[in-house]
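Side chains are part of it too, since the values below use all heavy atoms of this structure and drop only hydrogens, waters and symmetry mates. Each chain gets a letter, A, B and so on, in the order its sequence line appears, and its residues count up from 1. Treat the numbers as computed from the prediction; the structure is a model and nothing was measured.
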Amino acid sequence: MIETKLLEQTCIAVSKLYGHDLNHNSIGLEKTKKEITGDFTIVVFPLLKISRKSPEATAADIGTFLQQNMPEIKEFNVIKGFLNLVLTDEFWMMFLVIQSVNPEFGFHKTRSERPVLLEYSSPNTNKPLHLGHIRNNLLGFSLAGILKANGHKVVKVNLVNDRGIHICKSMLAYMKWGNHETPASSGMKGDHLIGKYYVLFDKHYKAQIKDLIGKGLTGEEAERQAPLITEAQDILRKWEAKDPETVGLWKLMNGWAYDGFDVTYRRLGVDFDHIYYESETYLLGKNLVMEGLGKGILKRKEDGSIWADLRNEGLDEKLLQRADGTSVYMTQDIGTAQLRYDDYHPLEMIYVVGNEQNYHFDVLKRVLSMLGKEYSTHVNHLSYGMVELPEGKMKSREGTVVDADDLMDEMFICAEQITRELGKANELSASEAEKLFNTISLGALKYFILKVDPKKNMMFDPVESIDFNGNTGPFIQYTYARIQSLLVKADAAGILWKDAKIPVHVPLLPLEKETIKRLYQFMETVVQAGEEHSPAIIANYVFDLAKGFNQFYQELPVLKEEDPSKRLLRICISKFTGNIIRRSMKLLGIEVPERM
RNA sequence: GGCUCCGUAGUUCAAUGGAUAGAACGGAAGUUUCCUAAACUUUAAAUAUAGGUUCGAUUCCUAUCGGGGCUACCA
């Protein structure tokens with residue numbers, strides 16, 4: 001990359017001019033701002049102490065040196081402490097000619113046999129997937145692609161939350177009020193059916209609590225003593241004791257939930273290489289806890305419960321096993337981490353989990369470290385922000401969630417309606433049309449979610465979010481479709497562009513050069529997105545690329561250009577842009593249509 | 001209360017400590033005998049407050065105000 005060379009030469013310049021050696025990191029190299037002439041800018045303010053000259057003189061010194069030593073540099077200008085470098089048109093043309101036919105442009109070769117393990121989705125079998133899970137799934141799936149593009153082997157894993165007191169709650173509700181209802185008999189998707197019983201439990205539980213408080217108990221006592229919760233606890237103990245009847249119902253109900261999840265995953269376009277179940281890892285966690293207890297790292301309290309003491313690390317004590325011997329969330333996660341490490345020996349274990357669990361992961365890393373697990377330093381929590389609704393936070397027990405399946409249905413209907421209104425579905429067969437509506441609606445949804453920095457909370461307004469104009473997925477898809485249409489027309493007109501050699505000495509117009517520069521930036525965008533674990537960086541880039549191309553396309557004729565060299569150049573830019581749009585969108589898990 | 005994250009146009013989002021804080025939607029005004037108008041052009045509009053560090057602060061530090069999250073023998 002030219003940036004590396006610029007940094008190297010700048011170091012040499014500083015060394016020769018001022019007799020001072022510095023490393024690359026201390027040089028500010030950035031893209032030149034749009035309004036200013038130049039391709040790259042070096043900020044010389046930090047070098048003034050070394051040069052002992054004015055910003056302008058320092059910049060001029062370095063600029064002169066670079067121009068003399070780098071044939072790629074055509075000219076430079078200095079504004080205050082900013083040294084703006086202009087590269088030659090030949091440099092950009094060479095880049096275009098070589099990389100536009102490289103299908104791997106911007107991607108890296110495999111760096112290590114040891115994979116990065118990426119956990120995402122992690123559903124709870126009690127609840128159908130909702131908008132929060134959608135953000136999780138899209139982030140996880142996209143990040144997997146981005147890491148692969150950066151040369152990592154990636155193992156996508158899902159950890160299914162299939163055991164625990166919460167699961168027993170829906171089982172209990174089903175035992176009491178289920179009447180042998182099944183997904184088939186009710187016509188409900190399995191995960192939705194389970195969710196119904198979880199809500200039912202909560203409703204009756206709340207009623208019991210209210211009742212007990214009426215009889216004089218405190219809120220806390222009522223929550224502990226309500227018959228429903230003690231019954232659920234009985235079921236948990238039976239389950240851990242492998243009571244056949246309990247396990248049988250558990251398997252039946254979980255199966256329904258999995259069938260439901262699979263449908264949603266397939267529709268969302270996400271997948272996994274390995275599915276872990278907490279029911280299979282919690283015993284390993286318990287063993288590790290017992291081991292820690294044996295070594296005196298953990299301690300047992302009088303009631304028999306087992307704890308990790310993190311007070312001298314500024315945290316509190318953390319329960320790892322209840323007095324009745326059953327395990328908790330943290331116990332399972334300890335077991336899961338160990339199992340995964342044994343399975344894959346990953347370089348890094350990334351957990352895509354919402355930021356409300358920051359404390360949990362902080363504790364998990366510390367406990368693993370206490371237990372002597374050196375891989376604890378490679379546990380990385382990709383903590384993403386909440387998805388908020390205009391009414392506030394989503395609460396599944398209160399029914400204020402946006403259901404994943406419902407949302408995709410609504411987006412589909414919307415895409416269909418708008419596409420038909422624009423008359424764009426007229427020439428399509430029914431199946432082609434359905435595929436297109438699917439592509440557009442999912443593109444809109446995925447892009448909307450992924451364009452926001454993962455770490456930040458985001459607002460989702462179901463009404464206003466369904467927009468296909470402006471900074472949206474369909475805008476980018478449309479740009480792609482128009483490029484494909486252009487290429488089809490080029491063929492139809494008999495223009496032989498596919499194997500044609502473009503003369504490298506064609507002078508570039510500003511709009512042509514700007515577009516080529518944006519394509520060049522694909523490389524650093526992929527790297528940055530990988531380093532920061534942020535699909536949003538790809539999303540912002542591809543929007544910028546599409547936006548810029550639309551301007552290019554609006555202002556300059558492509559097929560109608562009469563100069564054959566110019567025409568060829570513009571076709572090549574268009575084709576390359578289409579490829580990069582498609583590949584960028586692919587990194588976001590978004591498909592692009594050939595026409596729309 | 002303690003810990004933690006976040007306050008940027010009317011709204012939703014950008015901006016490795018750098019130049020005049022960018023977009024999109026919404027508002028106002030335009031572009032179609034011309035490669036798809038789901039497009040393009042023009043325009044008004046913002047860094048919560050007060051200090052500090054720095055040649056330079058939306059960015060780093062402190063305080064205040066406002067909002068979210070965590071602080072479970074739920075996961």
Quiz item: Is it true that the side chains of T479(A) and N550(A) contain a donor and an acceptor less than 3.5 Å apart?
Solution: yes
How is [X] classified with respect to the nucleic acid when contacts are heavy atoms under 4.0 Å: base, sugar-phosphate, or nothing?
{"X": "N84(A)", "result": "base"}
{"X": "E35(A)", "result": "nothing"}
{"X": "A481(A)", "result": "base"}
{"X": "I36(A)", "result": "base"}
{"X": "F468(A)", "result": "base"}
{"X": "T41(A)", "result": "base"}
{"X": "S574(A)", "result": "nothing"}

If you check every side-chain atom of [X], which of [options] has the closest atom?
{"X": "H166(A)", "options": "A38(B), C73(B), C74(B)", "value": "C74(B)"}
{"X": "N469(A)", "options": "A39(B), A23(B), C70(B)", "value": "A39(B)"}
{"X": "Y359(A)", "options": "C70(B), A75(B), A23(B)", "value": "C70(B)"}
{"X": "Y329(A)", "options": "U41(B), A38(B), A75(B)", "value": "A75(B)"}
{"X": "N161(A)", "options": "A75(B), A24(B), A38(B)", "value": "A75(B)"}

To the nearest Å, give me how far apart [atom1] ([X]) and [atom2] ([N]) are.
{"X": "Y447(A)", "N": "C25(B)", "atom1": "OH", "atom2": "C1'", "result": "13 Å"}
{"X": "M386(A)", "N": "C6(B)", "atom1": "CE", "atom2": "P", "result": "14 Å"}
{"X": "R52(A)", "N": "C55(B)", "atom1": "CZ", "atom2": "C1'", "result": "16 Å"}
{"X": "R518(A)", "N": "A23(B)", "atom1": "CZ", "atom2": "C1'", "result": "12 Å"}
{"X": "Q357(A)", "N": "C5(B)", "atom1": "CD", "atom2": "P", "result": "18 Å"}
{"X": "K34(A)", "N": "U20(B)", "atom1": "NZ", "atom2": "P", "result": "16 Å"}
{"X": "Q225(A)", "N": "C73(B)", "atom1": "CD", "atom2": "C1'", "result": "15 Å"}
{"X": "L422(A)", "N": "A37(B)", "atom1": "CG", "atom2": "C1'", "result": "9 Å"}

Quote, to the nearest angstrom, the [atom1] distance that separates [N] from [M].
{"N": "A15(B)", "M": "G52(B)", "atom1": "C1'", "value": "24 Å"}
{"N": "A48(B)", "M": "G66(B)", "atom1": "P", "value": "16 Å"}
{"N": "U16(B)", "M": "C55(B)", "atom1": "P", "value": "22 Å"}

Any side-chain to backbone donor/acceptor pair from [X] onto [Y]? Under 3.5 Å, distance only.
{"X": "N161(A)", "Y": "S122(A)", "value": "no"}
{"X": "R322(A)", "Y": "S327(A)", "value": "yes"}
{"X": "T419(A)", "Y": "A415(A)", "value": "yes"}
{"X": "N158(A)", "Y": "I275(A)", "value": "no"}
{"X": "E221(A)", "Y": "T218(A)", "value": "yes"}

Output side-chain donor-acceptor pairs under 3.5 Å for residues 436-454 of chain A, partner residues at least two apart or in another chain, one line each.
| residue | atom | partner | partner atom | Å |
| --- | --- | --- | --- | --- |
| T439(A) | OG1 | K435(A) | O | 2.9 |
| S441(A) | OG | F437(A) | O | 2.8 |
| S441(A) | OG | N438(A) | O | 3.2 |
| K446(A) | NZ | L268(A) | O | 2.9 |
| K446(A) | NZ | G589(A) | O | 2.7 |
| Y447(A) | OH | N471(A) | OD1 | 2.6 |
| Y447(A) | OH | A539(A) | O | 3.2 |
| K451(A) | NZ | N471(A) | O | 3.1 |
| D453(A) | OD1 | K455(A) | N | 3.0 |

Not counting sequence neighbours, which residues clear side chain to side chain contact (heavy atoms under 4.5 Å, CB included) with [X]? List them please.
{"X": "R52(A)", "answer": "none"}
{"X": "L568(A)", "answer": "W497(A), A500(A), I502(A)"}
{"X": "N358(A)", "answer": "N355(A), H381(A), S383(A)"}

Quiz item: Looking at residues at least two apart in the chain, or sitting in another chain, which of them share a side-chain hydrogen bond (donor to acceptor under 3.5 Å, both in side chains) with K365(A)?
Solution: none
Practice problem: List for me each residue that meets side-chain hydrogen bond (donor to acceptor under 3.5 Å, both in side chains) alongside K53(A), sequence neighbours excluded, and say none if there are none. | Solution: D61(A)
Quiz item: What side chain to side chain donor-acceptor pair (under 3.5 Å) pairs are there with at least one residue in residues 531-541 of chain A, not counting sequence neighbours?
Solution: Q528(A)-E532(A)
Practice problem: Any pair with a residue in residues 34-45 of chain A that passes side chain to side chain donor-acceptor pair (under 3.5 Å), sequence neighbours left out, goes on the list, sorted by first then second residue, please. | Solution: T32(A)-T41(A), D39(A)-W92(A), D39(A)-K513(A), D39(A)-K517(A), T41(A)-N84(A)
Quiz item: Pick the nucleotide of RNA chain B nearest each of D467(A) and T32(A); which residue has the one closer to the 5' end?
Solution: T32(A)
Quiz item: Nearest nucleotide by nearest heavy atom, which residue falls closer to the 5' end of RNA chain B, N355(A) or Q551(A)?
Solution: Q551(A)
Exercise. Between protein and nucleotides 29-35 of chain B, map the contacts as a letter string: B base, S sugar-phosphate only, - none, heavy atoms under 4.0 Å, written 5' to 3'.
Key: -----SB
Exercise. Would you mind building the protein contact string for nucleotides 13-18 of chain B? One character per nucleotide, 5' to 3', B for base within reach (heavy atoms under 4.0 Å), S for sugar-phosphate only, - for untouched.
Key: SS-B-B
[N] base / [X] side chain donor-acceptor hit below 3.5 Å:
{"X": "N550(A)", "N": "A37(B)", "result": "no"}
{"X": "K424(A)", "N": "A38(B)", "result": "yes"}
{"X": "S122(A)", "N": "A75(B)", "result": "no"}

Quiz item: Going by number, which of residues 313-324 of chain A have a non-hydrogen atom under 4.0 Å from RNA chain B?
Solution: L319(A), R322(A)
Practice problem: Can you tell me which stems RNA chain B forms, taking runs of 3 or more consecutive Watson-Crick or G-U pairs with both distances under 3.5 Å? | Solution: B:1-7 with B:65-71, B:10-13 with B:22-25, B:27-31 with B:39-43, B:48-52 with B:60-64
Quiz item: Angle class for the F549(A)/Y553(A) ring planes (parallel below 30°, perpendicular above 60°, tilted otherwise)?
Solution: parallel
Quiz item: For the ring pair Y258(A) and Y277(A), is the centre-to-centre distance below 6.0 Å?
Solution: yes
